[in-house]
K.L.:
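Quick one: structure below, then a few questions.
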2 protein chains.
Amino acid sequence: MSLPHLLLGMLDVPATGYDLKRTFDRTLRHFWAAELSQIYPTLQRLERQKLVRSKRAPSARGPARRLYRRTGAGRRHLLAWLREPPQIGDQRQAWLGQLCFMAETGGTKRAAAFLIELRHHFTTRVAAYDEVERVWFREAPGFPDDLSLDDLHAHFTLRAGIARANAAIAWCDECLARLHRRRA
Amino acid sequence: MSLPHLLLGMLDVPATGYDLKRTFDRTLRHFWAAELSQIYPTLQRLERQKLVRSKRAPSARGPARRLYRRTGAGRRHLLAWLREPPQIGDQRQAWLGQLCFMAETGGTKRAAAFLIELRHHFTTRVAAYDEVERVWFREAPGFPDDLSLDDLHAHFTLRAGIARANAAIAWCDECLARLHRRRA
DNA sequence: TTGATCATGTAAGGGGTTACATGATTTA
DNA sequence: TAAATCATGTAACCCCTTACATGATCAA
């Protein structure tokens, strides 16, 4: 039940469904993803609940846009969510499930290859996040301790992604070292 | 699409739906959760697909049990999954969404309280995992480098949970320090 | 005798993905 | 002229959660 809240958070500034999708992909993707086929109906529902309202607006190119903006009730709804305790769901990690049963493959070779593949995945991710951090935040005025409040919180979430990916890399190394010692 | 594979992995040894639920809660919960209302129909589906078969068995207490065991096809299905690349889905973290829009609350006080609550959550989690590690693995013969292959891989997944939670704690501290410097 | 544990299920509903449908404009 | 981008949606399907239904046995 968080997508509606995230949309309300983003509707700080009026936007269309298409705009919001871009924001997900560009600036929130390290902790949330959303498809257009989910965003459009959710916006419609929020409008029925009077948490946003919309009006048609001409488009420079392509079909007419539907511009959404947050209502007062929408803002209050968002604030209520922000006052709630951290919403921590259980994170299902299928790749840990794969590793967990890797003994079925009969040795440690597949596990080692699997961990190397994982390590590569996370180093690529860290590199991507580092790049985002470099162009998005390190150039912002007042980095790091005098950013705007919005940028500060956004930067916190990016740091979380970086911290998590780096921890995963260190964990891969620990596991690979143990597999290696085991052979010797 | 991983629950069926996890069930196949656990059905190394014959078990009932109820047994499998307990295994989720006791030994896999740091990376996966499953409800009985999901496990039972999934087992039925696996049986229709001939990946497991079942027979009724009397119970020492309570109603009759349905004992499932993996078929040869089931084992091959599992092995195919283990040969696939790491299945990394996008992890949605609603609490990062909350933090991201916390500037709406108008200051840094709510963010600081929120981070302290998060930190507490993760320290509790690390303590619980450490305890599991102590009673489950450190007592096992050959710890840490001569565990059975099954235990070794299971321990890897637990270490991943510990690493992740510790990274989250360090991240909370980093954020709290920045909020603190900002006030000064 | 009340509640916990054992044991198996169904039903309703929300969240999310992939695929499909439509069509205008801009760029290569 | 073909492909990418802009723009909004619907349909089918899977995954998961919460709640409900049923009933036996055992320990306090």
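Numbers restart at 1 for each chain; the letters A, B, ... are given by sequence-line order, proteins then strands.
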K.L.:
Could you encode protein contacts along nucleotides 16-21 of chain C as a string, one character per nucleotide from 5' to 3', using B for base contact, S for sugar-phosphate-only contact and - for no contact, with a heavy-atom cut-off of under 4.0 Å?
P.N.:
SBBB--

K.L.:
Expressed in angstrom and rounded to an integer, what is the separation of B:Asp25 atom CG from C:dC6 atom P?
P.N.:
12 Å

K.L.:
Do other residues, nucleotides or ligands put more than 12 heavy atoms under 6.0 Å from the CZ atom of B:Arg181?
P.N.:
yes

K.L.:
Quick one: are the ring centres of A:Trp95 and A:Phe122 less than 6.0 Å apart?
P.N.:
yes

K.L.:
Closer than 3.5 angstrom, by distance alone: can the side chain of A:Arg159 be matched with the main-chain N or O of B:Trp171 as a donor-acceptor pair?
P.N.:
no

K.L.:
Evaluate the criterion side-chain contact (heavy atoms from CB on, under 4.5 Å) for residue pair A:Leu11 and A:Arg69; output intermediate values, then yes/no.
P.N.:
CA-CA 6 Å; A:Leu11 282 173; A:Arg69 57 191 76 221; 6.0 Å; no

K.L.:
Provide, to the nearest angstrom, the distance between the CG atom belonging to B:Leu46 and the P atom belonging to D:dC15.
P.N.:
11 Å

K.L.:
Send over the distance from B:Arg56 CZ to C:dC6 C1', rounded to a whole Å.
P.N.:
14 Å

K.L.:
Looking just at side-chain N and O atoms, do B:Arg83 and A:Gln98 make a donor-acceptor pair shorter than 3.5 Å?
P.N.:
no

K.L.:
Roughly, in whole Å, what's the span from CD in B:Glu47 to C1' in C:dT8?
P.N.:
14 Å

K.L.:
For B:Leu67 and C:dT8, what is the distance between atoms CG and P respectively, to the nearest whole Å?
P.N.:
9 Å

K.L.:
Heavy atoms under 4.0 Å is the rule here; annotate nucleotides 2-7 of chain D 5' to 3' with B where the base is hit, S where only the sugar-phosphate is, and - elsewhere.
P.N.:
---BBB

K.L.:
Roughly, in whole Å, what's the span from CZ in B:Phe24 to P in D:dC15?
P.N.:
13 Å

K.L.:
Restricting to pairs with a member in residues 37-51 of chain A, which pass salt bridge (Lys or Arg N to Asp or Glu O under 4.0 Å), not counting sequence neighbours?
P.N.:
none

K.L.:
Could you check how far CZ of B:Arg45 sits from C1' of C:dT10, rounded to whole Å?
P.N.:
17 Å

K.L.:
For the aromatic rings, using the six-membered ring if either is Trp, is the centroid distance between A:His155 and A:Phe143 under 6.0 Å?
P.N.:
yes

K.L.:
When you look at CZ of A:Arg110, are more than 12 heavy atoms from neighbouring residues, nucleotides or ligands closer to it than 6.0 Å?
P.N.:
yes

